[in-house]
Amino acid sequence: MSHISTTTTENRLREEIAEIGRAFRLLGMAPGTSGNISAKLDDGWLMTPTNASLGALDPAAISKLDWDGNLLDGEPPTKESFLHRAFYDQRPDTGGIIHLHATHSAAVSCLNGLDERSCLPPITPYFVMRVGRLPLIPYYRPGDPALGDAIREHAKSHGAVLLANHGPVVAGKTLEAARNAIEELEETAKLYLLLRQHDVRTLGEAEIDELRQAFGAHW
Ligand SMILES: O=C(O)[C@@H](O)C(=O)COP(=O)(O)O
Ligand SMILES: [Zn+2]
C-alpha cells in the first residue's frame, strides 16, 4: 500500500473512532471517561487516549502504537491497551475493538451466579448472530496487566467477553462490526434484566443451528 493511501486509511479510522465515541456518548453507553476504542492499522494500532471522554475525542490526539506497544503519536493510550492487544494477538482477523461501561451489560457483569461460559442466554437471533457466547472474565482491577492474560484464554474462540463488575469488550473484523455487536450485546443485556423474573423461552439447538447455517452465527 502506498504511503498516501496508508495515511488516508489512518485518517479515516481516526475520524471513525471519534464518530463512534460521540454516538456511544449520546446513547448513554459511555459515561464520564469510561470505555476505550481501538483499530488496527498496517503498521500498528490506533487507541483512544487514557482518561478521555469518548464523546469529545480529537482525531489528531488519538494514540498510535507500533506492534510492540510503543507510543508513536498522540496522547498516552488507554490503560487497557494490553487488553486490546491480547484480542488482536489471538484473533488476527480483528480490525477493531470496543470496551464500554454501558449500563445494562455493566449491571449484568455485577450479578452473582452467572454462567461463566456465557453470561447471556441465546434469547434473540441477533445476539446469536452478532455476539454468540459471552464468557465471564473474573474481576481484575482496571489496568491490571493480568487481565490481558485472562482474556487471551478466551479470545481465540470468542469475539466478546464480559469483565466481571466492569463491562463488555467486543472485537470485530471491522470497527463497524464491533460497534454493531456491542450495541446488540447491550440490548440483549437490557432484555435479559427485563425478563429476569419471567419464564423465558430461549432459542433451541436446532434454531441456533439454522442461524449458524444461514448467517454463520457465533454461538
Ligand atoms: O474502567 C476503566 O478504568 C477502563 O477500563 C476504562 O474504561 C477507561 O480507561 P481509560 O481508557 O484508560 O481511560
Ligand atoms: Zn472500563
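Atoms within a ligand are numbered from 1 in the order they appear, just like the ligands themselves. Below, all heavy atoms of this structure are taken into account, side chains as well, without hydrogens, waters or symmetry copies.
Listed by chain and number, His99 NE2, His101 NE2, His166 NE2 are the protein N/O/S atoms closer than 2.8 Å to the Zn ion (ligand 2), with waters left out.
Side-chain atoms of Arg212 never come within 3.5 Å of backbone atoms of Ala217 as a donor-acceptor pair (strictly under, hydrogens ignored). Side-chain N or O atoms of Arg91 include one that pairs as donor or acceptor with a backbone N or O of His158 at under 3.5 Å. Formation of a donor-acceptor pair under 3.5 Å by the Lys64 side chain with backbone atoms of Asp43 is not found in this model. A side-chain donor-acceptor contact under 3.5 Å links Ser118 to the backbone of Leu134. Side-chain N or O atoms of Ser109 include one that pairs as donor or acceptor with a backbone N or O of His166 at under 3.5 Å.
Under 4.0 Å from any atom of ligand 1, one finds heavy atoms of residues Thr33, Ser34, Gly35, Asn36, Thr50, Asn51, Thr78, Lys79, Glu80, His99, His101, Pro142, His166.
For Asp115, the side-chain hydrogen bond (donor to acceptor under 3.5 Å, both in side chains) partners two or more places apart in sequence, or in a different chain, are Arg117.
Because its NZ or CZ atom is both nearer than 6.0 Å to the ring centre of Trp219 and within 45° of the ring axis, Arg133 counts as a cation-pi partner of that residue.
Other cluster members for Leu194: none, since no ILVMFWY side-chain heavy atom sits under 4.5 Å from it.
Residue Glu116 qualifies as open at atom CD: its count of foreign heavy atoms under 6.0 Å is 12 or below.
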